[in-house]
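One structure below.
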Number of protein chains: 2
Amino acid sequence: MANIREIARLAGVSVSTVSRVLNHHPYVSPDKREAVLKTIRELDYSPNINAVHLSRGKTNMVGIVLPTINHPYFSELLEGIAEEAMKHNIQLVLFQTGYHQEKEFEALEQLRGHLIDGVIFASRAIPFDSLLKYKSAGPMVLCEDSDQDDFPSISIKHVAAFNLGLEYLISKGHKRIAICLGRLEGTNSQKRQKAYEEKMKMIGQKVQEEWILGKCLMIQDGKSVVNRFLQMKEKPTAFLVGNDQVAAGIFTESVKQGLAVPEDVAILSFDNHPISEIMGITTIEIPTKQLGSYAFNSFIKRSSDSTYAEKIALPFTLIQRQSV
Amino acid sequence: MANIREIARLAGVSVSTVSRVLNHHPYVSPDKREAVLKTIRELDYSPNINAVHLSRGKTNMVGIVLPTINHPYFSELLEGIAEEAMKHNIQLVLFQTGYHQEKEFEALEQLRGHLIDGVIFASRAIPFDSLLKYKSAGPMVLCEDSDQDDFPSISIKHVAAFNLGLEYLISKGHKRIAICLGRLEGTNSQKRQKAYEEKMKMIGQKVQEEWILGKCLMIQDGKSVVNRFLQMKEKPTAFLVGNDQVAAGIFTESVKQGLAVPEDVAILSFDNHPISEIMGITTIEIPTKQLGSYAFNSFIKRSSDSTYAEKIALPFTLIQRQSV
DNA sequence: ATAATTTATGGAACGCGTTTCAGGTCAAGA
DNA sequence: TCTTGACCTGAAACGCGTTCCATAAATTAT
């Protein structure tokens with residue numbers, strides 16, 4: 001295919017002039033501009049973007065690191081990012097990690113290699129130290145409730161939100177509370193678990209080990225939660241659930257098993273995704289999509305100011321419905 | 001940052017040799033290889049990927065065109081693509097279009113500009129003719145039930161699946177059937193609508209205009225469907241619903257409004273996503289994720305054989321549950 | 001022992017657009 | 001009239017890795 005030199009030759013101008021036309025520089029006389037455009041049209045030319053990227057030293061692409069796309073939380077977050085990216089004319093390159101560290105490192109290597117201008121971590125599995133090593137490679141933004149001053153981060157205060165949930169359940173007379181978390185080994189889950197144990201101690205409630213349920217990520221997982229519930233000797237009266245999907249699963253399966261919600265078992269979850277509204281599940285709203293747009297905007301700020309490292313905590317709200 | 005020439009200089013070899021080391025070519029003596037690797041380590045060098053892309057003339061990236069990420073159908077499809085892409089070490093660049101044609105053209109322009117090696121259309125809004133113009137720009141795959149021989153395409157036979165749904169409802173004694181579709185103007189919806197009208201005519205059932213409901217995309221839309229249902233003078237006895245999300249919304253809202261499913265209103269939908277299983281909704285399974293992996297594999301085939309244009313139709317299966 | 005390979009290595013061209021610099025023209029201000 | 005600055009244009013260098021070609025040494029085959 002044609003290149004800029006050929007266009008220049010055929011249009012009878014220099015490559016610089018062609019480049020100027022391509023980039024809408026002023027300082028090109030109308031007749032030369034027209035000649036160039038005509039030649040471009042005739043040859044059906046379009047610039048090689050890799051060459052552009054190489055010489056400009058940037059690509060207007062940013063990498064998005066997330067464990068899985070196929071989960072409402074992440075796809076909503078991603079949508080928030082994508083909408084904002086579109087406004088800035090920036091392309092997204094996906095790094096679906098499945099929580100594997102190598103995949104995250106891959107994204108960082110691509111950053112070092114200038115394939116992407118920066119990285120947004122929708123979730124992170126690699127240690128923070130590793131991140132620091134790439135600090136100079138380009139702007140990075142974290143979507144986590146972290147206590148560091150090296151990178152901008154966006155999140156909600158998970159522990160506070162979790163406590164709000166616990167307190168609300170307690171205020172409704174529940175003491176025997178079980179919790180459903182995602183990956184128990186995750187930092188967030190650890191923090192939540194700790195908050196839970198403290199709160200339970202505070203109200204003088206002994207915690208049963210079987211009340212802490214892990215691997216609750218998707219709607220299907222709600223089913224096994226109910227099954228486990230039915231087997232428990234000491235039954236909790238309420239579930240605090242990490243996300244709406246699982247809560248919806250628990251809700252539906254409970255009803256199917258003849259349990260009344262909230263009478264036999266109360267359910268309180270997080271996110272306020274559409275499913276919770278339609279099912280009338282009491283939930284703590286997390287502005288997931290906003291999280292995404294804020295993350296992207298932080299990325300933009302960080303791009304032009306490499307010392308920008310604001311930590312933004314978005315608000316969460318309890319939404320009372322009928323499941324508690 | 002350092003480049004390959006500097007590495008060469010410091011390691012006392014030529015750039016070709018450095019390049020060979022980088023690309024694991026044989027024909028490099030162990031001592032030179034070691035010298036190069038040492039220098040690379042010392043300078044913390046990593047190759048500029050844009051330069052690699054430019055000189056190789058390919059990028060190992062493919063563009064994915066989809067209207068929205070935040071919908072189970074598309075995020076599952078995307079996951080199928082992403083998993084397969086990972087195996088082939090290919091990066092995905094997202095083009096979220098919101099059904100806007102310009103965005104699709106943007107993807108095609110990036111293809112022409114060699115930013116991506118190809119494009120997978122998870123959905124398409126631009127006319128087919130436009131697509132043809134880019135045929136030579138690189139491999140493209142369509143996820144649609146189309147009757148063309150220019151590109152590989154993956155889909156299920158939507159009309160047949162729709163007919164299966166209608167026939168099943170009829171076999172269960174329903175004649176007064178309403179349908180819920182997505183964007184009525186879409187090709188798929190048009191085809192389904194036609195199939196519906198024919199089938200109704202065949203069983204001698206007059207079609208009420210208000211039985212054809214559009215804009216049914218997400219779970220929330222189920223609510224308005226029920227509201228509209230309640231207002232209808234001529235009430236249908238069954239709904240054939242374009243996707244599980246909407247069906248779940250209809251189901252839940254119906255129950256909330258005191259309607260019995262399937263006694264007062266039967267529900268049959270498409271997809272067999274987890275939500276339908278947990279809620280016991282009868283559905284026609286669409287192997288969404290497989291659709292994605294097949295699409296990617298077709299892309300790979302098309303990449304090495306530009307005449308490959310197989311049309312693959314994946315099977316669909318009726319899954320009987322309790323909503324009909 | 002001689003011809004034919006295989007193995008090693010470097011030089012230079014290539015892919016292609018951007019940008020800097022230098023040189024020139026022309027009109028407005030002093 | 002002279003200066004200054006805006007406007008226009010092209011040559012050449014730059015960003016950087018890949019790859020083809022040529023050369024030479026070391027093996028292997030005959």
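We name chains A, B, ... by the order of the sequence lines, and we start the count at 1 in each one.
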Restricting to side chain to side chain contact (heavy atoms under 4.5 Å, CB included), what partner residues turn up for B/Glu106, sequence neighbours left out?
A/Gln91, B/Lys103

Separation of D/dC16 atom C1' from A/Arg112 atom CZ, nearest Å, is 16 Å

Mind checking side chain to side chain contact (heavy atoms under 4.5 Å, CB included) for A/Pro67 and listing every partner two or more places apart, or none if nothing turns up?
A/Phe74, A/Thr97, A/Tyr99, A/Ser123

Separation of B/Ile4 atom CD1 from C/dG11 atom P, in whole Å?
14 Å

B/His88 side chain near B/Ile300 side chain, heavy-atom distance below 4.5 Å
yes

Whole-Å gap separating P (D/dG17) and CG (A/Asn50)
14 Å

The ring pair (Phe, Tyr, Trp, His ring centres under 6.0 Å) partners of A/Phe121 (sequence neighbours excluded) come to none

Apply the test side chain to side chain donor-acceptor pair (under 3.5 Å) to residues B/Ser14 and B/Thr17: give CA-CA distance (whole Å), side-chain angles for both, the deciding distance (0.1 Å), then the verdict.
CA-CA 5 Å; B/Ser14 72; B/Thr17 300; 3.3 Å; yes

Spacing of B/Asn60 atom CG relative to D/dG17 atom C1', expressed in whole Å:
15 Å

Rounded to whole Å, NE2 of A/His114 lies from C1' of D/dG17 at a distance of 13 Å

Contacts under 3.5 Å, N or O only, protein and nucleotides 9-15 of chain D:
unit_1: D/dT9; atom_1: OP1; unit_2: A/Ser29; atom_2: OG; d: 2.6
unit_1: D/dT9; atom_1: OP2; unit_2: A/Ser29; atom_2: N; d: 2.7
unit_1: D/dT9; atom_1: OP2; unit_2: A/Ser29; atom_2: OG; d: 3.4
unit_1: D/dG10; atom_1: OP1; unit_2: A/Lys32; atom_2: NZ; d: 3.3
unit_1: D/dG10; atom_1: OP2; unit_2: A/Ser14; atom_2: N; d: 3.1
unit_1: D/dG10; atom_1: OP2; unit_2: A/Ser14; atom_2: OG; d: 3.2
unit_1: D/dG10; atom_1: OP2; unit_2: A/Thr17; atom_2: OG1; d: 2.7
unit_1: D/dG10; atom_1: O6; unit_2: A/Arg20; atom_2: NH2; d: 2.8
unit_1: D/dA11; atom_1: N7; unit_2: A/Ser16; atom_2: OG; d: 3.4
unit_1: D/dA11; atom_1: N6; unit_2: A/Ser16; atom_2: OG; d: 2.8

What class does the angle between the rings of B/Phe151 and B/Phe128 fall in, given that below 30° is parallel, 30 to 60° is tilted and above 60° is perpendicular?
perpendicular

Answer yes if the side chains of B/Glu6 and B/Tyr45 hold a donor-acceptor pair under 3.5 Å, and no otherwise.
no

The helix from C/dA1-D/dT30 to C/dA30-D/dT1: angle between terminal helix axes, five bp per end, to the nearest 10 degrees, reads 20°

Could you tell me the separation between the NE2 atom of B/His25 and the P atom of D/dT18, rounded to a whole number of Å?
8 Å

To the nearest angstrom, the CZ-P distance between B/Arg9 and C/dG10 comes to 15 Å

How would you list, by chain and number, every residue that makes a salt bridge (Lys or Arg N to Asp or Glu O under 4.0 Å) with A/Lys38, sequence neighbours excluded?
A/Glu42

